[in-house]
Amino acid sequence: MKPAKKLMKEELGQFVDHLSKEYLVYGPVARRSDFSFQEIDSAEDLRFDYTTTTIPPKKFFHHRQTLLRYSGEDYSELESTLEKRFLLLGVHSCDLNAILRHDRLFTRQFHDPYYLKLRRNSAIVALICTHIGNSCFCASLGTGPTIREGFDLLLTDLGNEYLIEVGSSEGQRMIEELNLQKANSSDLEKKEERVKLALTQFVKSMKMDGLNQLALKYLDHEVWSLIGEKGGLAGCFACLSCGNCSLVCPTCYCFEVADIPELSLNQGVRIRELDSCQLLEYAEVALGGNFRRDRKARVRQWMTCKFGGAGGGFDSSCVGCGRCINACPSHIDITEVAKSLRGE
Amino acid sequence: MKLRCGFFKFTGCSGCQMEILRLEDELPPLLEMIEIAYWPMVTSKRWEENLDIAFVEGSVSTPREVKEIKEIRKRSRHLVAFGECAITGCIPSIRNFMTQSEAEETVYEHTDWIESIKPSEISEYVRTDISLPGCPPHRNTILEVIKAVALQRKPHLKHHSVCVECKLKDNNCLLTTEKRPCMGPVTNAGCGAICPSLNRECEGCYGPMSAANASSQSQILAEIGLSMDDVKRKFRKYAGTTDEYRKEAA
Ligand code: SF4
Ligand code: SF4
Ligand code: SF4
Ligand code: SF4
Ligand code: SF4
């Protein structure tokens, strides 16, 4: 590991300008009532005090993509239109862990060229969380707020400056030309204090161990009818099957593929976009058959997958980002479902 | 062979038909593909031959329309319920929550001149092959239906919530974060979440989605402060007489 460095807060602008020479830089900015990863023109827009973004960084890798253009029997893959590499600046630990899970998922049996192309074109500067949202529970899952792997650089807000740790040779290159001060052992101690302080801020937690088995064992557990039909688990309403939870979940990966022909009919494009097991059409097969016609079965599938009990295993399981809780109009809370399954 | 198409207007505002004219750039290639066999809005040509696709806009609200929709069904290979009025009764169906006499007397001086029945979706009278939701339907979905018929496959239309499109657009949620009465969680997608993308709540103009849970949605709207009368109005606006919304709209 290369020695850690320090960046004074007033130098953040220069740092971003420097990165912008090599990369398209995206980072958290404030919108009317949320935070979002957007292209950064000026460091002033950056909001390193953000709690969470509505949409996770998965939008850069796996959201909605044109896969290929076809013409008659021929097809050609579309060349990437990005001239530069892109850099995600200020990625939190939950989201970084989710990206690492998707890296595994998309290279398991088949290598997914579309995901990998974007992923290989990206770099990540991670950020230790200092502002914990009310729905966050990464600490209880071991997916935050500390970060150990997967970043090129790692920033920690120490008050007047950022501690910069290097995680890769690309990260080293990012700061090479900058004349940064070396961090000393007291800076590293300060980082540990920051993490400790963050740990005291968590409101929610979830005990993941064995949940995958429990979910599969208790297919008729009362909790499924509470969240799927009746409502009433910790004040929730019944699920709407709206799909918000999985669209915002950083580890949800399911997608749909469709051909969009031009009016000539023999040419067109093939696209893919995120799908969700919460939607009725997800499990529909020919002649209108459907394996999960009941709302209860769908919401159970979603939870089971987030507990690591579905096809994606732990590569699509929960990292504790809290987004699904924030995004659910019916206030369905995965941590409450877990408690109920455990009989707590 | 071009697809022989007819465009019919029942009780509606012509907005759905206008949406086809608004295709503009796509119109020349579209006209390579379809033949306009009948479309009073653009040509005085009379309807003679049987149709490959009949697009029917509007709800059925007169005895004459009842006869006409049956005739159209008989003479068309694909009958498209074109837009919300044809699918759910849409805005005209708001008047189904009052008596016929009250509706007539509110509007007309001489009610004996009026020959009208409660507006209903066209599937009340005939079988439809394709529903093209929206008030009005998005142009891409109109094109998709025509292309699908030409390719002899099922049209790729979305039946899930507007929320999915809203999230794919990277919007923040008006309902959960700003406590604004957005109907996205029960409304059929297809518009591309136009309204939330422009900081307006979804009003539900694409009708109920495939698995709409109106009961939860009404509890959520009440929770954020709508009166029960306003909740009712939300559900009545576009699809109050559908199976999905009937209870919440009543
Ligand atoms: S299940 Fe919920 S809390 Fe867990 S990673 Fe997904 S969105 Fe975040
Ligand atoms: S099956 Fe799993 S990854 Fe796929 S949409 Fe459902 S919860 Fe998400
Ligand atoms: S966000 Fe909530 S209501 Fe919507 S599908 Fe997910 S659990 Fe159900
Ligand atoms: S703003 Fe409306 S359409 Fe968008 S996610 Fe929220 S509830 Fe759904
Ligand atoms: S967002 Fe809702 S009201 Fe607006 S166009 Fe779409 S379906 Fe209609």
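Numbers restart at 1 for each chain; the letters A, B, ... are given by sequence-line order, proteins then strands. What you see is a predicted model; the values in this text were computed from it and never measured.
More than 12 heavy atoms of other residues, nucleotides or ligands sit less than 6.0 Å from atom CZ of B/Phe97. Dense packing is recorded around CG of B/Asp229, with more than 12 heavy atoms of other residues, nucleotides or ligands lying under 6.0 Å away. The environment of CG in A/Asn290 is crowded: more than 12 heavy-atom neighbours from other residues, nucleotides or ligands sit within 6.0 Å. At most 12 heavy atoms of other shown residues, nucleotides or ligands fall within 6.0 angstrom of atom CZ in B/Arg200. Heavy-atom neighbours of B/Met41 CE from other residues, nucleotides or ligands within 6.0 Å: above the threshold of 12. Remark: A/Tyr75 OH is loosely packed, at most 12 non-hydrogen atoms of other residues, nucleotides or ligands lying under 6.0 Å away. Summarising the local packing, CD of A/Glu222 is surrounded by 12 or fewer heavy atoms from other residues, nucleotides or ligands at distances under 6.0 Å. No more than 12 heavy atoms of other residues, nucleotides or ligands shown are found within 6.0 angstrom of CZ on B/Arg22.
Distance check: B/Lys158 NZ to A/Glu256 CD gives 6.5 Å after rounding to the nearest 0.5 Å. In this structure, the separation between CD1 on B/Ile220 and SG on A/Cys328 is 7.0 Å, given to the nearest 0.5 Å. In this structure, OG1 on B/Thr177 lies 9.5 Å from CG on A/Asn326, to the nearest 0.5 angstrom. We find the OG-CG distance between B/Ser161 and A/Leu247 to be 7.5 Å, quoted to the nearest 0.5 Å. To the nearest 0.5 Å, atoms CG (A/Leu263) and CD1 (B/Ile34) are separated by 9.5 Å. Note: B/Lys167 NZ to A/Ile55 CD1 = 6.0 Å, rounded to the nearest 0.5 Å.
Contact annotation for B/Ala212: only backbone heavy atoms (N, CA, C, O) come within less than 4.5 Å of a heavy atom of chain A. For a residue to count as touching a neighbouring chain, one of its non-hydrogen atoms must lie under 4.5 Å from one of that chain's; by this rule A/Arg293 does not touch chain B. Within the 4.5 angstrom heavy-atom criterion, only backbone atoms of B/Asn171 (N, CA, C, O) approach chain A. For B/Leu175, the part lying under 4.5 angstrom from a heavy atom of chain A is the side chain only. For A/Asp275, no part sits under 4.5 Å from any heavy atom of chain B, backbone or side chain. Looking at B/Leu174, only its side chain comes within 4.5 Å of chain A, counting heavy atoms on both sides. Residue A/Leu279 touches chain B through its side chain alone, counting heavy-atom pairs closer than 4.5 Å. Interface residue A/Gln38: only side-chain heavy atoms are found under 4.5 Å from chain B. In this structure, chain A has a heavy atom under 4.5 Å from the side chain of B/His156, while its backbone stays farther away. A/Glu273 touches chain B through its side chain: at least one heavy atom from C-beta onward sits under 4.5 Å away, while N, CA, C and O do not.
When only modelled atom types and interatomic distance are considered, B/Glu223 and A/His331 share a side-chain donor-acceptor pair under 3.5 Å. Looking at B/Asn172 and A/Ser33, their side chains do bring a donor and an acceptor atom within 3.5 Å of each other.
Side-chain atoms of A/Arg32 and B/Glu178, non-hydrogen and from C-beta on, do get closer than 4.5 Å to each other. The side-chain heavy atoms of B/Gln217 and A/Pro329, taken from C-beta on, include no pair separated by under 4.5 Å. In this structure, the side chains of A/Leu280 and B/His159 stay at 4.5 Å or more apart for every pair of heavy atoms. Counting heavy atoms from C-beta outward, B/Leu143 and A/Glu262 have side chains that stay 4.5 Å or more apart.
Contact between A/Ala327 and B/Thr176 at its shortest, heavy atoms only, is O-CG2, 3.7 Å. The two atoms that bring A/Leu240 and B/Met209 nearest to each other are O-CE, 3.4 Å, heavy atoms only. Contact record, A/Cys242 with B/Val164: O-CG2, 3.6 Å, taken as the closest heavy-atom pair. Listed here is the closest heavy atom pair of B/Ala211 and A/Arg295: O-NH1, 2.9 Å. Shown here for A/Leu265 and B/Met33, the closest heavy-atom pair between the two residues is CD2-CE, 4.0 Å.
Considering only heavy-atom pairs separated by less than 4.5 Å from chain B, the leading option among A/Arg64, A/Arg298, A/Glu281 is A/Glu281. When each of A/Phe237, A/Phe35, A/Phe37 is checked for heavy-atom pairs under 4.5 Å with chain B, A/Phe237 comes out on top. Ranking B/Ala189, B/Pro29, B/Ser210 against chain A, the residue ahead of the rest is B/Ser210, based on heavy-atom pairs under 4.5 Å. Chain A forms the most heavy-atom pairs under 4.5 Å with one residue out of B/Ile224, B/Leu30, B/Asn199, and that residue is B/Asn199.
Using modelled atom types, one side-chain atom of B/Lys147 and one backbone atom of A/Pro261 make a donor-acceptor pair closer than 3.5 Å.
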